[in-house]
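Chain letters run A, B, ... following the sequence lines, proteins first and then strands; every chain starts at 1. What's counted below: heavy atoms across the whole structure, side chains too, no hydrogens, waters or symmetry copies.
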Amino acid sequence: MLRLGLCCIFAEEPIRFRTTTAKHLLGMPRQAALARLGELCLENAAALAAAIGYCAGHGIGSFRINSQILPVKTHPEAGYGVDELPNGEAVRAAFRACGERAREAKVRLTFHPDQFVLLNSPRPEVVASSLADLAYHAEVAAWVGADVVNIHAGGVYGDKVESLARLVRAVEGLPAGVRSRLTFENDDRSFTPLDLLPVCRATGVPLVYDVHHHRCLGDGLSIEAATAAVLATWDREPLFHVSSPKAGWGSGDARPHHDFLDPADLPECWRELDATVEIEAKAKELAIRRLAGELRERGWRV
DNA sequence: AGCGGTCAAGTTGAT
DNA sequence: ATCAACTTGACCGCT
């Protein structure tokens, strides 16, 4: 059975995640900043609990957690350890409770660190900050039981072979908590499924198959062939991404996401899979509700 | 309450 | 050179 996944935020449901900026925090005394951060973290834990509850109650099988769930966590100056927060223990306990709730409700939790996390950059400082960010994601993932921390393969830097070799070497040096959750995703600029399958086979890192990116940046593999090859990289429930183009499949830029998903964009060969499909659509929970109805009309089990 | 300026970070390709 | 895109606009300070 397919599990439809919601990404990060809600369109209508009044569940909101808070954040702040490094600049703001650095303009106040450190203790005041830590107190403020602690409040935001605890609020975000409450919002996550609400998000899990909403998903459980509305047939949404997974939820992607925003990378700012602990705001500004790895900033070089404004960043912090959870133990530095005046309410650090309460924060940790609240997130562990989210994990328990998600486990009971069978809501899968995932992360998708942002575009600045690049394991294959030739610049050591970029890799170092990426490692710090991945460690942070893994820390929260352990609290809440998230089994996926998904990133793109990074840049090409003029040499695809060498950049992928750097990626493999970077994976080999990762701490276990990151390594065990890490996944790669094909993107719409640089790295296709055909590029990444060898890397995933060599490292054991599963491949998140984004069929929208694959349609925007093809590699000769059919969707059916890519799906089959990608499934073999997973040692747990596979994860896919899908979206529909805002501008349609005609002449314009197909990459920006539509508010809703056209059910025709969901590959027919996914129909009988046991997998999670994250729905990347601007209308969020409304898009999932509409899609689930349309798929059921077509005989899909979601 | 509403609005404009601002926000930590990398890389790519279209204009 | 600038900008949008990328998983996601939200926050702050002003009127």
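Using atom C1' as the reference point in both C:dC6 and B:dG4, the two lie 25 Å apart (nearest Å). Here, C:dT8 and B:dG2 have their P atoms 26 Å apart, quoted to the whole Å. Of the C1' atoms belonging to B:dA8 and C:dA1, the separation is 23 Å, rounded to the nearest Å. One P atom belongs to B:dT11, the other to C:dG9, and the distance between them is 24 Å to the nearest Å. Comparing the same atom, P, in C:dA10 and in B:dG10 gives a spacing of 23 Å after rounding to whole Å. Nucleotides C:dT7 and B:dC3, compared at atom P, are 30 Å apart to the nearest Å.
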Exercise. Yes or no on side chain to side chain contact (heavy atoms under 4.5 Å, CB included) for A:Lys160 and A:Asp195, after CA distance, side-chain angles and deciding distance?
Worked result: CA-CA 9 Å; A:Lys160 192 176 267 194; A:Asp195 293 323; 2.9 Å; yes
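Contact check, A:His152 against C:dA5: no side-chain N or O comes under 4.0 Å of OP1 or OP2. In this structure, A:Arg123 reaches the B:dG10 phosphate: one of its side-chain N or O atoms is under 4.0 Å from OP1 or OP2.
By the 30° and 60° cut-offs, the orientation of the rings of A:His213 relative to A:His152 is tilted.
Within the nucleic acid shown, A:Phe111 has no heavy atom closer than 4.0 Å to any nucleic acid atom.
DNA chain B lies under 4.0 Å from at least one heavy atom of each of the following residues of residues 14-27 of chain A: A:Thr21, A:Ala22, A:Lys23.
In DNA chain B, stems built from 3 or more consecutive Watson-Crick or G-U wobble pairs, each with both distances under 3.5 Å, span B:1-7 with C:9-15, B:10-15 with C:1-6.
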